[in-house]
2 protein chains.
Amino acid sequence: MELNHELDDRKLKILQAVIKNYLETGEPVGSRTISKYTDLNLSSATIRNEMADLEDLGYIIQPHTSAGRIPSDKGYRLYVDMLMAEKEQEVIEMREQMLEKADKMDKILKQAAKVLAVNTNYATMVSAPNMNRNKLKFIQLSQVDEHQIIAVIVMEGNIIKNKIVTVEETLNNEIMLKLNMLLNTSLPGMSIEEINLGMIAALKEQAGAQAEIIGDVLNAIGSTIQPEDLEIYTSGATNVFKYPELSDNHSAQEIINAFEEKQMLQEIVTQTLSKDDNHGIQVYIGNETPVQSMKDCSVVTATYELGEGMQGTIGIIGPKRMDYEHVMKTLKTLMTELDEIFHKEE
Amino acid sequence: MELNHELDDRKLKILQAVIKNYLETGEPVGSRTISKYTDLNLSSATIRNEMADLEDLGYIIQPHTSAGRIPSDKGYRLYVDMLMAEKEQEVIEMREQMLEKADKMDKILKQAAKVLAVNTNYATMVSAPNMNRNKLKFIQLSQVDEHQIIAVIVMEGNIIKNKIVTVEETLNNEIMLKLNMLLNTSLPGMSIEEINLGMIAALKEQAGAQAEIIGDVLNAIGSTIQPEDLEIYTSGATNVFKYPELSDNHSAQEIINAFEEKQMLQEIVTQTLSKDDNHGIQVYIGNETPVQSMKDCSVVTATYELGEGMQGTIGIIGPKRMDYEHVMKTLKTLMTELDEIFHKEE
DNA sequence: TGTTAGCACTCAAAAGAAAAGAGTGCTAAT
DNA sequence: ATTAGCACTCTTTTCTTTTGAGTGCTAACA
């Protein structure tokens with residue numbers, strides 16, 4: 001409990017009591033409540049004095065003169081940091097729920113978001129991992145008609161993408177065979193990062209008359225694997241209505257909107273992934289969050305990792321008075337699950 | 001204007017005025033307002049008499065004794081029916097917007113929903129067409145590893161699906177060749193409906209030792225093309241917040257929830273497609289809607305058709321005081337667009 | 001006979017006033 | 001250092017009053 005130099009043990013306990021109580025009720029907490037709530041037997045008057053101090057130090061706030069106190073962002077921050085310190089690990093029965101429908105990646109991720117939302121009662125998001133470093137397993141080109149090719153790209157982890165490529169030249173069986181051969185002798189085992197300009201030039205040269213087709217196909221592959229906008233799956237957005245402090249202010253509307261557009265959620269993903277401290281859990285409280293419309297919320301994120309540095313993000317968005325303890329525990333479990341599922345599939 | 005036997009021309013005009021005004025303001029409409037609003041020069045007193053009649057006949061309602069009138073469901077119904085009678089056609093600049101990103105089907109549909117939402121300011125949904133009658137173009141099986149096959153299924157309209165099939169037997173090149181050959185000699189040109197048990201049995205027989213694999217693959221194909229839950233794309237769900245009569249009652253919350261779950265939207269799709277009167281526009285007002293949580297809304301739907309009886313649904317959900325005229329016009333345009341896009345691609 | 005002016009009446013919504021209640025800060029006693 | 005006590009503050013709730021839009025009805029009018 002000796003994380004903070006500004007607060008003695010008693011103040012810390014009182015602060016904790018205020019926060020916990022506020023998490024439960026959502027109402028400002030008064031001194032009398034605390035004096036009954038804690039095990040340290042103090043009268044409300046004493047608590048009042050201490051609370052006045054805590055307010056001076058900026059850990060709690062009085063919404064108006066004669067109201068109880070609510071935690072400030074700084075207060076929440078301290079509380080969360082303390083929680084983080086005692087890393088918990090506990091495996092729930094989420095595994096079964098998860099594995100049920102594990103088929104294609106998008107389904108898994110969608111399912112993950114849902115499980116998390118149901119388990120926590122907050123809004124959740126899961127981003128697909130970035131594929132830059134994922135290796136190609138093979139490419140299968142098939143001819144659709146005289147000028148169209150469908151390219152099926154299979155990557156490690158059996159992630160499958162497909163794309164139709166329209167080419168100028170008139171295609172035939174022979175060309176298709178050649179192209180398939182060409183691509184599959186050099187590309188498998190490479191990641192998108194590794195397929196650079198030199199490599200492309202070499203392939204084009206080998207292709208001879210079909211240089212242009214190869215170019216088109218490679219472009220298509222690039223844009224397919226690395227789509228301009230990350231895919232993000234969400235669930236439980238409507239959970240925000242459950243918290244009056246969000247749904248009263250209209251901030252629920254903004255959050256739901258952000259969830260629908262998904263554009264802004266990307267911000268959160270980028271920010272989370274950019275932090276060095278990965279594979280850990282991050283908590284953004286109030287204004288700390290990257291997205292303006294969530295300034296009245298807390299955002300808890302975690303990074304999951306598939307082999308070879310492919311990373312994705314899981315996030316939970318809820319009111320500041322979030323049940324951090326439960327959320328962090330659940331998040332950790334799910335993260336581990338995702339890691340395992342993907343590694344097993346590989 | 002002679003659609004209704006119950007109402008003379010003047011009553012009809014007054015009713016229309018009441019509805020139009022209510023559509024604009026969302027507030028109950030009084031007699032004085034109408035007397036100024038219409039071109040028939042009548043005093044408020046006369047209007048009052050007529051309005052009392054209209055109320056007796058059930059076309060308008062008084063929320064409380066000394067308030068103006070608002071249209072009843074019956075009133076809206078008459079109004080919409082009149083609109084429907086004058087089938088409008090008008091091409092807007094939506095074409096460009098639509099064709100911009102026309103790539104894969106899911107993107108097209110997602111885009112369609114978005115365009116519609118932006119154009120109308122209501123919540124929108126677009127369902128993917130049912131594929132029962134769509135014909136297979138070809139199937140491409142590739143071996144992933146010793147026990148896994150990836151099946152890529154290409155259908156008319158270049159709709160592509162893929163699925164990983166895990167099989168008992170140990171696979172090799174020879175087997176894969178045989179399977180590909182087998183499937184592509186008999187299946188192309190057939191629709192899912194046409195691939196019946198007899199056909200499957202015949203294929204299995206021809207496959208000999210690989211009968212089981214063929215069975216698995218065919219199953220996979222079936223379930224891929226005809227997923228248990230229809231895919232539905234939505235957009236602009238948060239538009240419902242723009243209408244106080246929805247967002248005050250909490251019915252906005254329910255609607256948004258329905259949009260998130262998508263389960264209930266399916267109801268609307270099914271109902272729309274089951275109506276004989278297809279390729280037309282349907283309007284559900286208030287309790288007429290198939291989904292309970294939208295009882296305070298109007299739902300406008302349209303069916304778009306890809307060749308061969310593959311049909312999908314477009315829907316708009318908004319307040320009862322919806323701008324029916326604009327919505328129906330926009331819907332019709334979009335419908336035509338979709339038809340064209342898909343037919344062109346084919 | 002249909003239309004209209006006028007007026008009393010109704011009722012929801014807005015504004016205002018009063019009461020209740022929760023909680024504080026401060027002082028004085030322990 | 002802790003606590004009981006009390007005056008004070010400010011929100012919330014409740015009740016009352018006022019306001020105003022809109023009606024229905026009657027009587028006058030063209």
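To find a chain, count down the sequence lines: A is the first, B the second, and so on, and within it residues start at 1.
In this structure, A:Asn49 atom CG and D:dA4 atom P are separated by 13 Å, rounded to whole Å. Atoms CG (B:Asn41) and P (C:dT3) sit 13 Å apart, rounded to a whole Å. In this structure, the CG atom of A:Leu40 is 17 Å from the P atom of D:dA1, given to the nearest Å. Between the CD1 atom of A:Ile70 and the C1' atom of C:dT24 there is a distance of 16 Å, given to the nearest Å. With rounding to whole Å, B:Ile47 atom CD1 is found 15 Å from D:dG24 atom C1'. Going from atom CG of B:Asn21 over to atom C1' of D:dA21 covers 14 Å, rounded to whole Å. One interatomic measurement links the two molecules: CD of B:Gln62 to C1' of C:dC11, which rounds to 11 Å at whole-angstrom precision. Between the CE atom of A:Met51 and the C1' atom of C:dC26 there is a distance of 16 Å, rounded to whole Å.
When heavy atoms are screened at a 4.0 angstrom cut-off, A:Ser31 is found touching the sugar-phosphate backbone but no base atom.
Where B:Ala45 and A:Ala52 meet DNA chain C, the nucleotide closest to each residue was compared, and B:Ala45 sits on the side nearer the 5' end. When each of B:Ser43 and B:His64 is assigned the nucleotide of DNA chain C with its nearest heavy atom, B:Ser43 is the one assigned upstream, toward the 5' end.
Aromatic ring orientation, A:Tyr22 versus A:Tyr76: tilted (interplanar angle from 30° to 60°).
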Query - Derivation of the salt bridge (charged side-chain N to carboxylate O under 4.0 Å, His left out) call for B:Arg77 and B:Asp81 - result: CA-CA 6 Å; B:Arg77 167 54 57 202; B:Asp81 287 347; 3.2 Å; yes
Report task. Mind running side-chain contact (heavy atoms from CB on, under 4.5 Å) on A:Arg32 and A:Lys36 for me, showing each step along the way? Result -> CA-CA 7 Å; A:Arg32 236 177 82 80; A:Lys36 280 185 273 178; 3.4 Å; yes
Report task. Check the pair B:Val29, B:Tyr37 against side-chain contact (heavy atoms from CB on, under 4.5 Å), reporting the backbone distance first and the verdict last. Result -> CA-CA 11 Å; B:Val29 187; B:Tyr37 193 90; over 6 Å; no
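For B:Arg69, the listed nucleotide lying nearest its side chain is D:dG24; candidates were C:dT24, D:dT3, D:dG24.
Contact annotation: A:Arg10 reaches the phosphate of D:dT2 (side-chain N/O to OP1 or OP2, under 4.0 Å). Phosphate contact (OP1/OP2 of D:dT11, side-chain N/O of A:Thr65, threshold under 4.0 Å): absent. A sub-4.0 Å separation between OP1 or OP2 of D:dT2 and a side-chain N or O of A:Thr46 is absent.
For C:dG6, its base sits under 3.5 Å from the side chain of B:Arg48 at one donor and acceptor pair at least.
Here A:Ile285 contributes atom CD1 and A:Lys320 contributes atom NZ; the two are 8.5 Å apart, rounded to the nearest 0.5 Å.
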